[in-house]
Peer 1: 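The structure's right below; bear with me while I get my questions together.
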Amino acid sequence: MTHATLRHLLSLADLSASELDRLLQRAQSLRERALGAPLPEAPLAGKTVVNLFFEPSTRTRSSFELAAKRLGATVLNFDMANSSTRKGETLADTLYTLEAMGADVFVVRHGTDGVVAQLASICAPRSRLVNAGDGRSHHPTQGLLDMLTIRQHKGQDFSTLSVALIGDIRHSRVARSDLRALRLLNTGEIRIAAPESLLPESSVQEGCRLCTSADEAVEGADVVMTLRLQRERMEEGLVTSLEAYFRDWGITPERLALAKPDAIVMHPGPMNRGVEIADAVADGPQSVIREQVSNGVAVRMAVLEALA
Amino acid sequence: MTHATLRHLLSLADLSASELDRLLQRAQSLRERALGAPLPEAPLAGKTVVNLFFEPSTRTRSSFELAAKRLGATVLNFDMANSSTRKGETLADTLYTLEAMGADVFVVRHGTDGVVAQLASICAPRSRLVNAGDGRSHHPTQGLLDMLTIRQHKGQDFSTLSVALIGDIRHSRVARSDLRALRLLNTGEIRIAAPESLLPESSVQEGCRLCTSADEAVEGADVVMTLRLQRERMEEGLVTSLEAYFRDWGITPERLALAKPDAIVMHPGPMNRGVEIADAVADGPQSVIREQVSNGVAVRMAVLEALA
Amino acid sequence: MTHATLRHLLSLADLSASELDRLLQRAQSLRERALGAPLPEAPLAGKTVVNLFFEPSTRTRSSFELAAKRLGATVLNFDMANSSTRKGETLADTLYTLEAMGADVFVVRHGTDGVVAQLASICAPRSRLVNAGDGRSHHPTQGLLDMLTIRQHKGQDFSTLSVALIGDIRHSRVARSDLRALRLLNTGEIRIAAPESLLPESSVQEGCRLCTSADEAVEGADVVMTLRLQRERMEEGLVTSLEAYFRDWGITPERLALAKPDAIVMHPGPMNRGVEIADAVADGPQSVIREQVSNGVAVRMAVLEALA
């Protein structure tokens, strides 16, 4: 059940609808076992997976680490954000060095758009790269885990669904990967809503219904996805106050009551409670936020297995 | 040989005398194998142990890591003290996220009293927590390893022993856990001695003989436990000089000569040589300081095994 | 195929020519398997290898970590450069503590000359130490991997070879270890070339031909080894400008054309491209820089296996 055709996972634009579907099916079939003991069949036995993170991350790095270990791989972690180890070496030379030590799969996060794709263009033929987030562009495994979560609650046919994305879409690689995946899965209606300063470029808005308020976006929706608001947006003057942001764009119980009664609420984490989401929603019965995290391990196992 | 009744280990106050005894017995039986190869029976195979340290630690974190690996667990380390990874996420959400990834046991150190117990009160039913040190309150595995070390030298009956604790008891979670364990084991006489500025609150002194000098505490003792003096105590004005502290409260060969000839000397590490302990004592024949470290791995194996 | 006589590897001066040869032979025989799955025979199963790095390192630490894991060892990493964990504990006590936890092999890097040998002089009889670089003195595994790389290209008889070392020899432990190994292997001619401010003490120059220019050193050479120039050398006034350094001492295609047509180019990494080496040379057909990295894993496996 491996994808002979998939070499790297840099963006969900790399995947056809049927490849996306196959990955989600495989992740679903791994789902139960993803949180337990390493798989006895150890599909990545003898493979070395390197987590190369140039931005701090607990969540995504651990998720990949657990996914790789449960597949039987050897894992090396490089926390380049908290380290002084690079000593002026180019990123390409860091990659070449790790390749020369026998690394097979590189899970890379970098703050700059396009860096992961650039590394993929120069890596050795046998190397495999997974984009664990670059700049504002791509976070494909987050897109996959979000789709898996929606499927588990709403079924495989997305054509009748209304999905609302609310918040700082402009700076979000999660939003861009989710939008790509939602289009690929032929989602009925994709709604986006954000303060004007946090709206993305028009190409990202393509095929979406732009809502002028959070209430409009949530009304009658099947899925409400909210995004992290980085506190830096305040300092940059893109948001006037966290209180005003919460009032206008935060997902509160009152606002959520506008959605379908069985709507689910999603957040990629880490959450700023009381900013983009109310406690009562984050911890409420419609929240699937922890399921997203669990699905993340299964999706990353499916991706690593498909590449290795 | 697992303790069905033990869910978390937050404090030695959680343990009955018989539970404490059972853990020490199990640690003793693991003692020889604790420093070698992973146990072939791998009692924690398939379990994921997360070391979640919000204060820097080499010693305790490594000890838990080795204990978990020798039991066959998968181990994830989070060095939250040296990292910028949390991004404003609440501690509870960090816990929930790791739970959602399938973590089974959390080994938590935090600078604030009560934080570990608070996490235990909100964690999932299947999660297990071990307090690896919180604030000044608890360090239960240190208490256990110290008791194991005393037992190995002085036997199981503590009712005839004089145990002296000397030094910065006020700021020490080690001292609080040791005092709890010594009382639970019905120790004959517990003596405490410290400069007045470093004496603990009266509840901690309960059942102890308060000595006005180190000499008085050491005289005729079977066990001399000294504690680390953090250099911050100088800046805080609690200690006038390290030289004076060493003269008045440090364990020197001359002072140790006042104890029973077969008295043992203990220190939880890391040591400030020449401050709370003289080199000749730390490295002398009565020192069991390195045995404490070795016992730490065995005790942590017993605890992890009992919880998992 | 273990060396019963080798206790530590602190310096290549510890090795006889025949011991050096045996290690290189063993590394060569491990070479193919060094970059793949852990060895099924797991020669270090049940052993604990501790990477104790007091200077930042990605490359050497990972290489040792992979070598140890491929031999089946349990590995603990201590990044003491990026950590605040030591709390005033002496280096000796850190060692004793890790020994008391059952560590078997210590891989140590430290910025100060002689520290690793000092630790070796006080460690427990069962402990094994590998010097992963100390001060400017020794980096024995780098010396071994460089010799293995030369052998693979030039055969086992070094007596007919001209080997040129160019660059900051004065501050380089790599150069000192390479020079020791080259002498031990009876190299035909060893040439050294550097700006006067970067020449080493005379004992290091012994048996070498001191060249007054890079061109003179390269001319007709079989092996051209260039060394990293740390940017600190500028601030220290030892180098006037990086441009001038590159012009006078950098390995450019023009300069390399003076060497034998089949000369190989080596660099210990991490490279400062455009300072000590031109891109076209680093990535050109004569460069064996990535092979050095691959050989590093094999050499470290051979060393760990011989010691453990």
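Note on naming: letters A, B, ... go to the chains in the order of the sequence lines (proteins, then strands), and numbering restarts at 1 for each one. Note that the structure is a prediction, hence the values are computed from the model and not measured.
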Peer 1: If you check every heavy atom in residues 29-45 of chain C against those of chain B, which residues fall under 4.5 Å?
Peer 2: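 So far as heavy atoms go, nothing in residues 29-45 of chain C approaches chain B to under 4.5 Å.
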Peer 1: What distance do M80(C) atom CE and T58(B) atom OG1 have between them, rounded to the nearest 0.5 Å?
Peer 2: 4.5 Å
Peer 1: Evaluate R59(B) against T94(C) for side-chain contact (heavy atoms from CB on, under 4.5 Å), listing each step before the verdict.
Peer 2: CA-CA 8 Å; R59(B) 170 186 304 263; T94(C) 299; over 6 Å; no
Peer 1: For S294(C), check side chain to side chain donor-acceptor pair (under 3.5 Å) against everything at least two apart and list the hits.
Peer 2: none
Peer 1: Rounded to the nearest 0.5 Å, what's the gap from CG on D279(B) to OG1 on T90(C)? Could you check?
Peer 2: 8.5 Å
Peer 1: Let me confirm one number: the CD-OG1 distance from E65(B) to T48(C), rounded to the nearest 0.5 Å.
Peer 2: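 Interatomic distance, E65(B) CD to T48(C) OG1, rounded to 0.5 Å: 10.0 Å.
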Peer 1: Under 4.5 Å, heavy atom to heavy atom: which of residues 96-108 of chain C reach chain B? Give them by number, or say none.
Peer 2: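 Residues in range: Y96(C), T97(C), A100(C), M101(C), G102(C).
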Peer 1: Is it the case that the side chain of K69(B) and the backbone of L76(C) share a donor-acceptor pair, with hydrogens and angles ignored and the cut-off at 3.5 Å?
Peer 2: no
Peer 1: Apply side chain to side chain donor-acceptor pair (under 3.5 Å) to Q118(C) and list each qualifying residue two or more places apart in sequence or on a separate chain.
Peer 2: none
Peer 1: Q292(B), R273(B), E291(B): which one forms the most heavy-atom pairs within less than 4.5 Å of chain C?
Peer 2: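 The answer is R273(B).
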